[in-house]
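Keep in mind that what you see is a predicted model, and the values were worked out from it rather than measured. Scope of the values below: all heavy atoms of this structure, side chains included, with no hydrogens, waters or symmetry mates.
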Amino acid sequence: MLGLLVGLLTAGLGLGPASAQEAAEGSTSHGSTSGTTASEDESRPPAGQTVVFGIPGLTIDDIDPERTPNLFHLLSEGAAANLNVRTIGSATCPASGWLSFGAGARAQAGPSPIAEDADPDDSARCPTMIAPTTDGSADAEDGATSAKGATNSDEAHGDDSAAGTTTARIEGFDAVKEPNIGSGYSVDYGMLARAVAEAGSAVPAGTDAADEDALLEPCVAAEGPGAAYAAADENGVVTNFTEDATATDCRLGVVDLGAVGIRSWLFDPIPNYSYTVPPNFDRETRVAEADRRLGARLQEMEDNAKDGAADPTIIVAGLGDSSGLPQLRAFIAAGPGFEPGSLSSATTRTPGLLQITDLAPGILDVLDVDSPRAVGFHSTPTDDDPQKRIDDLVAEAQKSTTIHQNLSTFSITLDVIFYVLFIACAILLNRSILGRRGGATLAPHVHRFLGWASLAIAALPMGAFLAGLVPWSRTAEPGLGLFLSVVGTAAVLFVLALIPPWGRTWRGRVGALAGANLLILATDLATGSHLQANSLLGYNPIVGGRYYGLGNQGAAIFIVSLFIFLGIAVSWLRARGHRRAVFAVPIVVGLAAVFVSGNPSWGAKFGGTIAILAGLMVLLALLSKIRLTLLRLALIGVASLAILIGIAFLDWLRPAGARSHFGTFFDQIVTGEALQVVGRKLGANLHIIQINPALAIVTPLAAIAILVFLRYLLHFPRVHAGSRTGRLVNKWRGRLPQLFADSDLHFGFLAAATGLGVGLVLTDSGVAVPSTGAMVLLPFLLALSAEHAEEAHR
């Protein structure tokens, strides 16, 4: 069985020579064509300059043909995308955005801001941007040794500056870097500028003297404080600082046009830059000013262009947020290789979506320069008119914002429902409470009502995913549209569970709902995981923790639905005498589920796949009458982990730009970063519990419930009344003995609880796995036990 599993997952990776070559080619493509090397196209003329204009806070919704004609023109002629700018904090200050852009990695810029007039009740503050100095002086606070080293570093870089630029230094750069120490992220400061410089001036074969003179210098010209943050090395030295990046002969120019912000967030501004926000701030006016500045620079580039010079590539990026409310920002690329359409990358796999860490390697790909991460821009051309493209991107951004704003409300609502069901379950299982004052007569009716309510509640989580099929983000009230979409799609699932023949029994209804959950999630993962993205129980592009594959909460629903469905299916098959199918069906369906979750092109869920595999082995062992001991359970866990490490190794063999989370994790093991990453993930788990009081209660409750449930189920229905366990649970022997007298159903619940427990330990932000899983498992339990409502209270 394990050999078959490895074979299936290997086939899913597509590791043959042909596919590996295609992956390598795909990772170096931008625009609508694949990148070609100089040796492949000897007649190609020298490329034009690439210029990046940074406008932190800019969104696609800001672009308008009347108010921002220059931005609208660029978008009309080029490709665009929503840009996730999240770095380390929930909202990204412009300084952090610029720093992350230049490093190609998540980074946070310090120092912590201190403003005399700051509102103590408003924690959304950004640090002061430090303008670089060009006199070679050192910050006195750094000490004599640091000053000497910085001066020597300035002198060392002085000879490397291109014509029209000078070497500058950001004084106090150690304070800027300080928030990244111990953050769990590796930051390679100035990676973009260094990679361009180290690539040198490659002269294509066959280039004549005239064209050779037109070759640009291998450097990055930085204009403005934000651009200096992006180009600065670890010592804060900017080799090519200038007042006009477009007038230099550097291959890449980076220009800080200023931020679209609000005064309460971007305080203590730098003179002569748009971080100076007037008290009477008006966003539309600010956006129009940014567009005017962009238009003026583009006109200068056109007026100063040399005869016969190649067309430049223009990139505009909203490198940061404009307030404490995080949103998706704008990204536009126009020029050679970029056709009208949408952009994506191998890390998002979503048309019209990029993340800030994609930009540096993507730009290096445009420049035909090797980068540490082989990630390029992938374009999806379209014939749609510019306004429709804008509307589509705005709708997706609005969807992300609405989900982000309503996520806490939805989570708390599910928490409250879970608490109510938990208490109801405890009361209904307690015979002594129900037997008082005629409660035993009323209990069957109450229990049947709770069975129907539980079945409806069990449909809600999948309704949160299916809501993605409804264009609610285009309605006048997106929040209301989201609510109605979730309730409506959940109602459709509920009705489907009632259709005969399966709708005639409680087992049939629960089995149909669990099977529908399983089928919907598997189909979605196989077709691009579109329902997982922008879902209340999936992942959000604004948060940026994941962009494709199976999320934590989706994995919990997948695990519970899989094993409850298998338990009911095996029970049905056994009752009809299909002995071979009793083992064949769990093996086939279970391996298919492992493949869907573990395939790096589909689910790409490392910890979740181990959890499913462990639960499947437990189920098969129980069906085979193999007694489970702690040693055997540990061996099951080790075997599951070993298989996934092997799959991660196979994924790691693929080109860097084609790897999924599996290959990335194995690369972190090889480079020694794995422990750092694991520590960061553990810290994230603790932080989630800390900032979410409801989750802080439900998570330990769910974990304890799983442990108790496992012990409870391991003994039922054969527990001796006189034993310690029997005395403990005797009062709660209402319906569970009748329900779990069916050993196959019993084993299904055991496998589900095992999977949730493993997911808690091995999954990123794993606290969400048992919490969400319990919210599905408990309603299933109540609905199934409603089948024994009458006999349980006799």
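The closest donor-acceptor contact from the side chain of Asp358 to the backbone of Gln355 lies under 3.5 Å. Tyr548 places no side-chain N or O within donor-acceptor distance of the main-chain N or O of Ala604, the cut-off being under 3.5 Å. Ser100 contributes no side-chain N or O that, together with a main-chain N or O of Thr87, makes up a donor-acceptor pair within less than 3.5 Å. Of the possible polar contacts, one joining the Thr523 side chain to the Leu519 backbone as a donor-acceptor pair under 3.5 Å is found. With hydrogens and angles ignored, the 3.5 Å screen pairs a side-chain donor or acceptor of Thr527 with a backbone N or O of Asp524. Under the 3.5 Å distance criterion, the side-chain polar atoms of Asn540 are matched with a main-chain donor or acceptor of Ser400. Looking only at distances, no side-chain donor or acceptor of Ser344 sits under 3.5 Å from a matching main-chain atom of Leu353. Between the side chain of Thr489 and the main chain of Gly463, a donor-acceptor pair closer than 3.5 Å is present.
The side-chain heavy atoms of Leu466 and Leu531, taken from C-beta on, include a pair separated by under 4.5 Å. Between Val560 and Phe780, some side-chain heavy-atom pair lies under the 4.5 Å cut-off.
We find the CD1-CD1 distance between Ile559 and Ile564 to be 12.0 Å, quoted to the nearest 0.5 Å. Distance CG/Leu525 to OG/Ser601: 12.0 Å, rounded to 0.5 Å. One distance of note links CG of Asp321 with OG of Ser96; it measures 10.0 Å at 0.5 Å rounding. Remark: Leu778 CG to Ile457 CD1 distance equals 9.0 Å, nearest 0.5 Å. Atoms OG and CD1, on Ser597 and Ile612 in that order, are 4.0 Å from each other to the nearest 0.5 Å.
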For Leu414 and Leu537: C-alpha separation, side-chain torsions, deciding distance, then whether side-chain contact (heavy atoms from CB on, under 4.5 Å) applies. CA-CA 11 Å; Leu414 284 184; Leu537 289 179; 4.2 Å; yes
Run the numbers on Leu777 and Phe749 for side-chain contact (heavy atoms from CB on, under 4.5 Å), then give the verdict. CA-CA 8 Å; Leu777 194 64; Phe749 269 86; 3.7 Å; yes
*Dump the intermediate steps for side-chain contact (heavy atoms from CB on, under 4.5 Å) on Ile60 and Asn82, then the final yes or no.*
CA-CA 7 Å; Ile60 295 292; Asn82 285 310; 3.6 Å; yes
Residue pair Leu359, Leu83: steps toward the side-chain contact (heavy atoms from CB on, under 4.5 Å) verdict
CA-CA 10 Å; Leu359 303 190; Leu83 178 65; 4.0 Å; yes
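Using cut-offs of 30° and 60° on the angle between ring planes, the pair Phe331 and Phe377 is tilted.
Under the 3.5 Å distance criterion, with hydrogens and angles disregarded, a donor-acceptor pair is assigned to the side chains of Gln398 and Thr402.
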